Amino acid sequence: MDDQPRLMHSTHGVGMAGHPGLAQHMQDGTGGADGEGRKQDIGDILQQIMTITDQSLDEAQARKHALNCHRMKPALFNVLCEIKEKTVLSIRGAQEEEPPDAQLMRLDNMLLAEGVSGPEKGGGSAAAAAAAAAAGGGGSDNSVEHSDYRAKLSQIRQIYHTELEKYEQACNEFTTHVMNLLREQSRTRPISPKEIERMVGIIHRKFSSIQMQLKQSTCEAVMILRSRFLDARRKRRNFNKQATEILNEYFYSHLSNPYPSEEAKEELGKKCSITVSQVSNWFGNKRIRYKKNIGKFQEEANMYAAKTAATATNVSTHGSQANSPSTPNSPC
DNA sequence: GAGAATGATTTCTT
DNA sequence: AAGAAATCATTCTC
């Protein structure tokens with residue numbers, strides 16, 4: 001009770017000193033002359049506001065309505081909003097730090113690159129393709145591993161998207177809810193649209209930090225998956241005997257120029273169930289190793305020369321073209 | 001288990 | 001960009 005005059009006085013003081021809105025309202029009233037009467041008016045309103053909680057619900061409701069309809073209400077509301085705005089801003093100014101979204105961008109880029117976010121490319125990302133190409137080796141095993149990778153990646157993708165959607169939905173729902181609540185409350189307490197906007201911003205930041213966590217853990221999951229599959233690239237497996245045979249046959253039958261064309265590489269790759277780059281690797285290795293130690297490979301060279309010669313004879317005798325190399329034999 | 005063989009990767013050259 | 005050369009990392013063979 002003792003407080004109220006002080007409070008009224010101080011509010012009044014602020015209103016007069018710092019808030020032209022109320023001052024103006026107070027001055028351009030209908031009668032004009034008696035400032036004392038206006039002060040009394042505002043004092044009454046504040047008194048009513050302060051005591052509203054002591055009243056019964058019905059009384060309060062009626063009082064609330066009366067206050068809402070009061071001609072001074074908009075002015076008072078504006079003043080209170082301004083006071084609040086000033087105090088809140090001075091408090092917030094210090095604690096409001098803009099989180100660096102560089103990390104968020106990095107995460108987004110990575111998720112996009114890994115094919116987790118963004119359009120689905122038949123479940124296969126660049127990483128999956130790389131894993132497939134790198135794993136190479138025995139056809140069936142490789143494809144099993146590859147599909148395993150793809151399945152796991154799409155699982156991660158699916159979880160990521162459902163979670164993201166859930167967060168977005170929750171964020172929207174919560175924002176709408178809070179906005180409605182604040183709008184509703186702004187009828188009885190000083191909440192400016194600006195403040196509602198700021199509150200929405202805060203909610204969005206909170207939710208985006210949750211999203212960031214989701215993105216981070218998704219990235220981690222992809223990295224683990226990726227490392228499991230891509231680290232297996234060094235876990236090479238030797239080509240099967242038949243593939244090595246086919247490659248050697250080509251190599252020794254083209255010993256004078258062991259550089260298969262792109263088409264020849266593709267054909268060899270198909271025959272051996274390996275990729276074109278694996279064919280290139282094989283020929284690269286073979287050329288350099290042969291050149292380094294021709295003597296060591298002499299026996300092998302002779303063997304394949306005999307073999308291709310035999311095949312050629314067989315072909316010419318039977319008039320069949322099956323199994324013949326793409327280029328005529330040229331024994332060294 | 002040591003060393004050879006081999007497929008893949010990296011770096012340099014053409 | 002393709003290939004040579006060096007090197008790495010794994011697998012095979014003894």
Side-chain angles (χ1 to χ4, degrees), chain A residues 106 109-110 112-115 121-153 219-308 311 323 325-332:
Chain A
R106 257 210 321 275
N109 285 340
M110 184 182 160
L112 202 64
E114 293 296 337
K121 307 169 223 167
S125 65
S140 61
D141 257 5
N142 173 35
S143 67
V144 165
E145 276 181 25
H146 185 201
S147 67
D148 198 21
Y149 178 92
R150 281 215 318 228
K152 292 227 162 66
L153 190 71
C219 276
E220 277 166 20
V222 172
M223 288 307 281
I224 291 166
L225 181 69
R226 216 181 125 102
S227 69
R228 252 185 46 208
F229 279 87
L230 287 191
D231 281 357
R233 66 189 170 177
R234 288 234 178 241
K235 228 179 223 174
R236 61 173 185 77
R237 229 167 262 169
N238 289 358
F239 297 156
N240 61 40
K241 223 173 171 189
Q242 202 189 349
T244 316
E245 201 118 310
I246 293 167
L247 293 167
N248 271 317
E249 270 176 31
Y250 189 99
F251 180 81
Y252 287 110
S253 63
H254 297 78
L255 205 48
S256 57
N257 185 34
Y259 298 89
S261 64
E262 207 57 31
E263 295 81 58
K265 281 182 195 169
E266 272 171 34
E267 204 183 322
L268 285 166
K270 245 186 237 165
K271 276 187 191 168
C272 305
S273 308
I274 58 176
T275 65
V276 171
S277 67
Q278 284 180 302
V279 175
S280 299
N281 285 341
W282 191 92
F283 273 88
N285 285 325
K286 191 72 182 180
R287 279 192 299 265
I288 201 85
R289 284 163 188 166
Y290 179 82
K291 203 172 93 176
K292 265 189 175 173
N293 196 348
I294 295 175
K296 199 181 85 183
F297 288 94
Q298 198 56 56
E299 201 181 323
E300 192 178 74
N302 293 338
M303 191 188 90
Y304 279 103
K307 202 172 174 180
T308 43
T311 312
N323 234 5
S326 55
T327 327
N329 300 332
S330 55
C332 50

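Each chain gets a letter, A, B and so on, in the order the sequences are listed, and its residues count up from 1. What you see is a predicted model; the values in this text were computed from it and never measured.
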Check whether any side-chain heavy atom of A:K270 sits under 4.5 Å from a side-chain heavy atom of A:E266, and report yes or no. no
Between A:K286 and A:E300, does any NZ, NE, NH1 or NH2 come within less than 4.0 Å of an OD or OE carboxylate oxygen? yes
Strictly under 3.5 Å: I want the nitrogen or oxygen pairs between protein and nucleotides 4-6 of chain B, one per line.
residue	atom	partner	partner atom	Å
B:dA5	OP2	A:K296	NZ	3.4
B:dT6	O2	A:R236	NE	3.0
B:dT6	O2	A:R236	NH2	2.5

Nearest-Å distance for atom pair [atom1]/[atom2], residues [X] and [N]:
X      : N     : atom1 : atom2 : value
A:I274 : B:dG7 : CD1   : C1'   : 10 Å
A:F283 : C:dG3 : CZ    : P     : 11 Å
A:I288 : C:dG3 : CD1   : P     : 13 Å
A:N285 : C:dC8 : CG    : C1'   : 12 Å

Only one of A:F297, A:Y259, A:Y290 clears ring-ring contact (aromatic ring centres under 6.0 Å, His included) with A:F251; which? A:Y290
Of the listed nucleotides C:dA6, C:dA5, B:dA8, the one nearest the side chain of A:Q278: B:dA8
For [X] versus [Y], what's the shortest heavy-atom pair and its separation?
X      : Y      : answer
A:F239 : A:T244 : O-OG1, 3.7 Å
A:K291 : A:I294 : O-CG1, 4.0 Å
A:R287 : A:P258 : NH1-O, 2.9 Å

Any chance the rings of A:F283 and A:Y250 have centres within less than 6.0 Å? yes
Donor-acceptor under 3.5 Å (A:S273 side chain, A:G269 main chain): no
Respond yes when some side-chain nitrogen or oxygen of [X] is under 4.0 Å from OP1 or OP2 of [N], and no when none is.
X      : N     : value
A:K292 : C:dA4 : no
A:N281 : B:dA8 : yes
A:K265 : C:dA2 : no

With A:K265 via salt bridge (Lys or Arg N to Asp or Glu O under 4.0 Å) - residues at least two apart: none
For nucleotides 12-14 of chain B, tabulate all protein N/O to nucleotide N/O atom pairs closer than 3.5 Å, reporting atom names and distance.
none

